[in-house]
Amino acid sequence: MVLLKSFVLAGLTAVVAAKSAVLDLIPSNFDEVVLKSGKPTLVEFFAPWCGHCKNLAPVYEELAHAFEFTKDVQIAKVDADAERSLGKRFGVQGFPTLKWFDGKSDKPTEYNGGRDLEALTAFITEKTGIKSKKKLAPPSSVAYLTDATFKNTIGGDKHVLVAFTAPWCGHCKSLAPTWESLATTFANEPNVVIAKVDAEAENSKATANDYGVTSYPTIKFFPKGSTTPEDYNGGRSEEAFVAFLNEQAGTHRAAGGGVDATAGTFAVLDEIVTKYIGGTPLTDAAAEVKKAAESLKEDAQYKYAEYYIRVFDKLSKSDSFAAKELARLESILKKGGLAPTKLDELTTKTNILRKFVEKVTGKDEL
């Protein structure tokens with residue numbers, strides 16, 4: 001009887017430990033918990049099937065734990081796919097949508113800042129003056145692979161860079177923070193995986209043996225569609241890894257996060273911009289860009305080829321569009337607080353706009 005009681009208590013303890021710190025809201029409790037409580041509340045409207053929501057979930061849970069010590073601010077969520085009336089009530093059109101209720105008004109403001117733990121924590125502190133008492137590391141973007149998951153990760157539609165490590169290895173420990181930063185840098189690249197295998201763990205040592213790993217760290221690159229790796233023998237700085245992956249995967253990442261100055265640009269389209277600046281009539285240049293863009297439809301960055309077309313269209317209405325739009329976007333970027341995907345998008349657009357503006361400046365100086 002005593003033994004059974006111990007098992008029951010242990011089970012209850014596990015349930016309590018696993019309980020989420022995020023408040024679950026439904027139509028019957030929303031007004032009471034959020035609008036009538038007088039407490040500032042950050043509410044995430046999500047859908048269970050949404051990939052971006054799944055990525056945000058562990059970060060949002062960490063955020064809730066970071067502020068669970070106080071009763072003066074609330075972190076909550078609504079399954080807006082199941083509770084569509086709440087999503088409709090607050091104008092939710094996409095997932096995830098984060099809205100801030102100040103505890104005084106029933107009219108929330110939308111949160112458009114970064115979706116990492118640091119940005120979300122800073123936002124709540126700015127709004128409430130309450131500082132988190134927990135220093136929490138954001139969830140890792142490294143894919144930790146085992147014998148079972150390794151075979152499902154390589155050979156598919158993603159390029160995979162794998163570090164085979166051992167817990168006792170000093171060089172592996174030195175590599176660890178760089179590897180984490182590299183994974184964060186490539187977190188928004190859908191076709192690149194930064195992975196790690198504990199080569200001495202029981203559930204992954206077979207994979208290390210299969211690939212002849214005998215020293216640590218051993219780094220191997222698996223191109224998409226291939227299970228035959230290439231040994232990586234380059235530098236061990238983030239800059240070196242980023243340069244290698246950009247070349248191999250056709251990406252345009254910048255060390256430390258974001259995209260580089262070539263993201264979104266196309267040499268063939270830049271040549272037409274140069275001709276336009278040199279005197280080619282705008283209508284002719286616009287038609288040439290549109291035609292050239294047709295050949296780029298299979299490129300992963302094709303939407304930015306379309307942006308060239310849009311810039312030419314806007315220039316036909318205002319010859320100062322490129323300079324003004326560049327200034328506007330740079331002002332937004334300077335303010336910071338953007339979600340990583342939005343940061344990438346705006347930086348990429350400034351790369352294209354700068355092709356127009358810098359060439360104009362060069363011509364004027366001549």
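Computation of the quantities below employed the complete heavy-atom set of this structure, encompassing side-chain atoms and omitting hydrogens, waters and symmetry-equivalent molecules. Not measured: the values here are computed from a predicted model.
- Checked by atom type and distance alone, the side chain of Q301 pairs as donor or acceptor with a backbone atom of G264 at under 3.5 Å.
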Legend entry - salt bridge (charged side-chain N to carboxylate O under 4.0 Å, His left out) between K303 and E306, worked out: CA-CA 5 Å; K303 69 176 181 178; E306 293 182 307; over 6 Å; no
Inset, instruction - Might you work through the side-chain contact (heavy atoms from CB on, under 4.5 Å) test for L161 and W179, ending with a clear yes or no? - result: CA-CA 10 Å; L161 187 65; W179 208 247; 3.5 Å; yes
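- Note that OG of S132 and CG of L120 are 11.5 Å apart. Values are rounded to the nearest 0.5 Å.
- Counting only distance, with no hydrogens or angles, the side chain of T280 and the backbone of K275 share a donor-acceptor pair below 3.5 Å.
- Looking at heavy atoms from C-beta onward, T125 lies out of side-chain contact with I130 at the 4.5 angstrom threshold.
- Taking 4.0 Å as the cut-off between side-chain N and carboxylate O, K355 and D270 count as a salt-bridged pair.
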Legend entry - Steps toward side-chain contact (heavy atoms from CB on, under 4.5 Å) verdict (T350, L333): CA-CA 10 Å; T350 63; L333 290 169; 3.9 Å; yes
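- One N or O on the side chain of S204 and one on the backbone of D198 form a donor-acceptor pair closer than 3.5 Å.
- Distance check: T347 OG1 to L329 CG gives 9.0 Å after rounding to the nearest 0.5 Å.
- By the 30° and 60° cut-offs, the orientation of the rings of F312 relative to F356 is perpendicular.
- The distance from the NZ atom of K324 to the CG atom of L353 is 14.0 Å, given to the nearest 0.5 Å.
- Note: F164 and Y211 have tilted aromatic rings, judged against thresholds of 30 and 60 degrees for the angle between ring planes.
- No side-chain donor-acceptor contact under 3.5 Å links R236 to the backbone of H171.
- With 3.5 Å as the limit, one finds a donor-acceptor pair spanning the side chains of E68 and H65.
- N351 and T265 share no donor-acceptor pair across their side chains, judged by distance under 3.5 Å alone.
- F90 has its ring centre less than 6.0 Å from the ring centre of F30.
- Across every non-hydrogen atom of A293 and A305, the tightest pair is CB-CB, 4.2 Å.
- Side-chain contact annotation: T178 with S181, donor-acceptor N/O pair under 3.5 Å absent.
- Atom CD of E118 has 12 or fewer neighbouring heavy atoms from other residues, nucleotides or ligands inside a 6.0 Å radius.
- Between the side chain of K127 and the backbone N or O of D102 there is no donor-acceptor pair closer than 3.5 Å.
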Legend entry - Worked check of side-chain contact (heavy atoms from CB on, under 4.5 Å) between E180 and V142: CA-CA 6 Å; E180 290 290 339; V142 175; 3.7 Å; yes
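- With hydrogens and angles ignored, the 3.5 Å screen pairs a side-chain donor or acceptor of Y60 with a backbone N or O of E44.
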Inset, instruction - Could you walk me through whether D31 and R89 pass the salt bridge (charged side-chain N to carboxylate O under 4.0 Å, His left out) test, one step at a time? - result: CA-CA 12 Å; D31 286 10; R89 178 181 174 186; 2.9 Å; yes
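- E294 has no carboxylate O lying under 4.0 Å from a charged side-chain N of K291, or vice versa, which leaves the two without a salt bridge.
- Looking at T348, its side chain does come within 3.5 Å of a backbone N or O of D344 through a donor-acceptor pair.
- Between V162 and F221 the shortest side-chain heavy-atom distance does not fall below 4.5 Å.
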Inset, instruction - List the steps, then state whether salt bridge (charged side-chain N to carboxylate O under 4.0 Å, His left out) holds for D313 with K317. - result: CA-CA 7 Å; D313 180 60; K317 300 175 178 64; 3.2 Å; yes
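- Ring-centre distance between Y307 and F266: not below the 6.0 Å cut-off.
- Using modelled atom types, no side-chain atom of W100 and backbone atom of I124 make a donor-acceptor pair closer than 3.5 Å.
- Remark: E330 CD to K335 NZ distance equals 13.5 Å, nearest 0.5 Å.
- Remark: the T97 side chain and the E110 side chain contain no N/O donor-acceptor pair separated by less than 3.5 Å.
- Y276 and D284 share no donor-acceptor pair across their side chains, judged by distance under 3.5 Å alone.
- Relative ring orientation between F95 and W49 is described as perpendicular, the plane-to-plane angle rising above 60° on a 0-90° scale split at 30° and 60°.
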Inset, instruction - Under the side-chain contact (heavy atoms from CB on, under 4.5 Å) rule, what do K99 and T109 come out as? Steps first, then yes or no, please. - result: CA-CA 6 Å; K99 289 184 179 286; T109 57; over 6 Å; no
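- Rounded to the nearest 0.5 Å, atoms CZ (R310) and CD1 (I352) are 11.0 Å apart.
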Inset, instruction - Go through K220 and D231 one step at a time and tell me if the salt bridge (charged side-chain N to carboxylate O under 4.0 Å, His left out) criterion holds. - result: CA-CA 5 Å; K220 293 180 180 289; D231 288 333; 2.5 Å; yes
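- Between I75 atom CD1 and S20 atom OG the span is 11.0 Å, to the nearest 0.5 Å.
- Distance alone, capped at 3.5 Å, places no donor-acceptor pair between the R253 side chain and the F186 backbone.
- The backbone N or O of K314 sits nowhere less than 3.5 Å from a side-chain atom of S318 that would complete a donor-acceptor pair.
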